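Predicted model, so just to flag it, every value in this text is computed and none were measured. The chains referred to below are lettered A, B, ... by the order of the sequence lines, with proteins before strands, and numbering in each begins at 1. We use all heavy atoms of the structure for the numbers below, so side chains are in, but hydrogens, waters and symmetry mates are not.
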Amino acid sequence: MFLVLALRVRDAVATHIRQRYATEVSVVIEQPRQPEFGELALPVCFSLAKTLKRAPRQIAEEMVAELPAIEGIAAFEVAGGGFINVRFERGAYGESLLKQAAVASASSPQKIIVEHTNINPNKAAHIGHLRNAVLGDTLVRMLRRLGNTVEVQNYIDNTGVQVADVVVAFHFLEKKTPAEVQALVNDPTLRFDYYCWDLYARMSQHYAAEPAAKEWRAETLHAIEADEGDLAETGRIVADAVVKKHLGTMLRLDVEYDLLPRESEILHLRFWESAFELLKERGAVVLETKGKNAGCWIMPAHLFQEPGKKATTPKEDLAEGEVGNPEAGNPEDQDKVIVRSNGTVTYVGKDIAYQLWKFGLIEKDFHYVPYREYPDGRVLWASAASGGDAAAPAFGGGSKVYNVIDVRQSYLQDVVRAGLQSLGFEQQARDSIHFSYEMVALTPRCCAELGIELSEEDRKRSFVEVSGRKGLGVKADDLIDMLITKALDEVRSRHAETPESAQREIATQIAIGALRYFMLRFTRTTVIAFDLQEALSFEGETGPYVQYAAVRARNILRTLDDRGETLPDFNKQLGPDAFEAQLAQEDFWQLLLEASRGEWAIDRALAAEEPAQIARYAFQLAQAFNTFYHQHHILNEPDARKKTFLLWMAQFFVRELTRVLDTMGIAAPKVM
RNA sequence: GGGCCUGUAGCUCAGUUGGAUAGAGCGCCUGGCUUCGAACCAGUAGGUCGGGGGUUCGAAUCCCUCCAGGCCCGCCA
């Protein structure tokens with residue numbers, strides 16, 4: 001509702017300015033620093049002052065006098081050097097919240113593709129992968145809440161070097177047949193993804209000690225690509241088993257996907273060939289005849305050095321203004337090889353083909369088979385080379401694509417985008433969003449706690465990068481288990497009477513809440529220096545703090561029921577006058593406002609491309625409620641009218657906070 | 001050599017895209033549970049917003065420069 005009024009004011013003011021001053025300015029809406037200043041603040045007169053060459057305060061006064069009446073708005077006031085502050089009609093506002101009036105959306109709904117997780121299927125997921133999945137899944141939930149159709153893709157690189165290295169280790173180091181590897185997968189006493197974690201680290205050490213072993217890698221990669229022999233079969237077994245483990249880990253966090261596009265199908269269905277024809281036709285890639293890249297098809301550096309941006313809004317330029325191109329050295333050093341001199345395509349080439357498919361820009365499509373069904377009924381599909389299910393939904397063809405990939409891949413993402421651009425797909429290039437984020441690193445203290453040996457050099461650093469090759473990192477499932485164990489201790493001490501299964505369910509919700517909130521509270525550009533104690537905390541700015549506020553509010557309603565009282569019929573007992581009277585009390589009004597700002601917060605967070613803002617909003621709302629809860633004892637309220645109103649407030653708060661938590665993928669437990 | 005990011009309280013981080021008196025959590029200190037259960041609340045202390053210049057009504061935010069740290073720049077993925 002807050003968003004509805006904000007948009008209404010914005011549009012009315014913009015129209016007024018256009019008509020009265022014959023000029024076009026973007027009307028920025030803010031929340032005033034001080035609540036006493038009202039509900040919205042418009043600094044628009046400051047920018048207007050420049051074009052009109054008049055004092056901002058004078059313009060503000062003139063505008064306040066001339067602005068037409070707006071439904072739901074009680075007053076415009078001039079403040080400071082030329083702010084226009086806006087006050088809502090409190091009675092009407094409360095009434096509309098009760099009646100659950102219109103849901104607003106600032107942008108028109110569209111089909112959006114979000115790609116996230118994308119873990120190499122060769123070992124267990126670690127905390128860095130958790131950041132990706134939580135960020136991606138929260139983005140998906142935010143987009144869906146504002147009415148968009150979102151398709152979630154988790155790209156599986158089942159033919160790459162990382163899988164190959166584990167296959168190499170199984171085949172050449174451990175001398176295991178595919179059947180023996182399959183037996184490991186089936187062994188219930190062994191965690192296959194953990195086994196691979198160690199094996200992969202061992203293999204990396206082996207390569208370092210005996211570089212000649214890299215020939216095994218080449219042989220294995222070739223076998224996997226050709227899909228022939230024992231090496232290929234072991235590859236399929238490893239990748240499929242590890243993918244299933246990853247899906248299980250992510251489901252613990254309530255992260256689901258719609259589609260697993262697999263690299264093996266991109267290869268076998270020759271997506272690249274279609275893209276290659278296009279790229280050659282439009283001159284986006286050319287055959288190099290001289291220099292160090294002789295014999296390669298390259299993308300000339302100038303294509304991504306001069307992106308030729310036009311007609312983009314400044315906001316989009318800023319948000320994705322990460323064009324990182326080397327400018328030093330020889331000109332050909334900056335060209336990007338797309339097809340090697342031996343005729344094989346590089347990773348970026350495949351990525352360009354995949355990105356084109358996401359927008360529906362190449363003729364090719366996958367076949368699709370159901371991969372698994374989630375407990376909530378959602379079906380996860382996987383790509384297939386042939387014999388697809390006719391009942392499969394239409395995948396791909398999005399109008400906007402978010403790739404949730406860490407910031408280290410910025411350069412490659414720029415090349416992919418440049419590919420689209422040089423093919424003439426300007427709009428799609430702009431709507432390809434690299435939703436980048438910084439890495440999760442480990443603090444030296446955390447390494448010490450986990451018994452990880454560090455070099456002298458690393459110990460002096462403020463953080464150490466997680467490395468799969470070194471086997472250095474915190475496994476996602478281990479962290480989740482630790483969180484659940486800790487939460488379970490707390491739940492047991494508070495609710496000894498509760499059955500074990502219920503205790504465990506609550507502890508799990510708290511653990512996941514803590515984890516997801518932890519991964520969301522940092523902005524995308526912040527390196528998370530992972531600290532076990534901080535991550536395990538359930539106090540202060542944490543997920544459990546927010547969950548607890550919801551539980552407290554719900555306890556009020558439950559206790560009312562336990563006392564044999566019934567919830568009043570709010571629709572009959574609360575009208576505009578009642579709201580007007582109760583909301584005259586400032587702290588009631590402020591809490592209600594905050595609780596009604598959910599969509600506004602999501603709208604702004606999406607505009608800023610920063611999910612951390614949702615975490616922050618949820619925390620602030622919880623904080624506001626906790627203060628309110630402490631000051632007003634609802635069930636003992638002697639004034640019947642006031643009590644009715646406060647009960648409604650509690651109910652409204654529960655509903656809104658639950659929705660925000662859901663947007664972050666966090667459950668509101670029954671008790672805590 | 002180049003590109004991108006970061007530098008804000010003892011620590012970890014926000015800061016509404018240039019706005020009003022720079023905020024929160026943790027930690028420290030003080031106080032509050034027979035209550036809708038304290039995973040909470042109230043309060044104290046803590047700041048040259050890395051340094052310097054500039055732009056203007058107004059700068060933590062934009063520009064220049066210097067310093068410090070991180071990431072990336074392969075016929076690897």
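Following rounding to the nearest Å, Asp531(A) (CG) and C11(B) (C1') show an atom-to-atom distance of 10 Å. In this structure, Tyr517(A) atom OH and A39(B) atom C1' are separated by 14 Å, rounded to whole Å. Computed from coordinates, the Gln631(A) CD to C36(B) P distance equals 18 Å when rounded to whole Å. The CD1-C1' distance, from Ile556(A) to C36(B), rounds to 5 Å in whole Å. If you measure from atom CG of Asp489(A) to atom C1' of A39(B), you get 14 Å, rounded to the nearest angstrom. Rounded to an integer number of Å, the gap from Arg492(A) CZ to G37(B) P is 23 Å.
The glycosidic torsion of U17(B) lies within 90° of 0, which places this base in the syn conformation.
Of the candidates C40(B), C36(B), G23(B), the closest approach to any side-chain atom of Arg33(A) belongs to G23(B). Nearest nucleotide to the Glu30(A) side chain, out of U17(B), U6(B), G70(B): U17(B).
Close to A14(B), at under 4.0 Å from its OP1 or OP2, lies a side-chain N or O of Thr526(A). Taking side-chain N and O atoms only, Arg469(A) has no distance below 4.0 Å to OP1 or OP2 of C76(B). Put simply, Gln409(A) has no side-chain N or O that comes within less than 4.0 Å of OP1 or OP2 on C71(B).
Between the base of A38(B) and the side chain of Asn626(A) there is no donor-acceptor pair shorter than 3.5 Å. Side-chain to base pairing of Ser410(A) with C72(B): no donor and acceptor N or O lie closer than 3.5 Å to each other.
Judged by the 6.0 Å and 45° rule, Arg217(A) forms a cation-pi pair with Tyr207(A). Taking the ring centre of Tyr617(A) as origin, the terminal cationic atom of Arg597(A) falls outside the region bounded by 6.0 Å and 45° from the ring axis.
Taking a pair to require two hydrogen-bonding distances under 3.5 Å in either a Watson-Crick or a G-U wobble arrangement, C29(B) pairs with G43(B).
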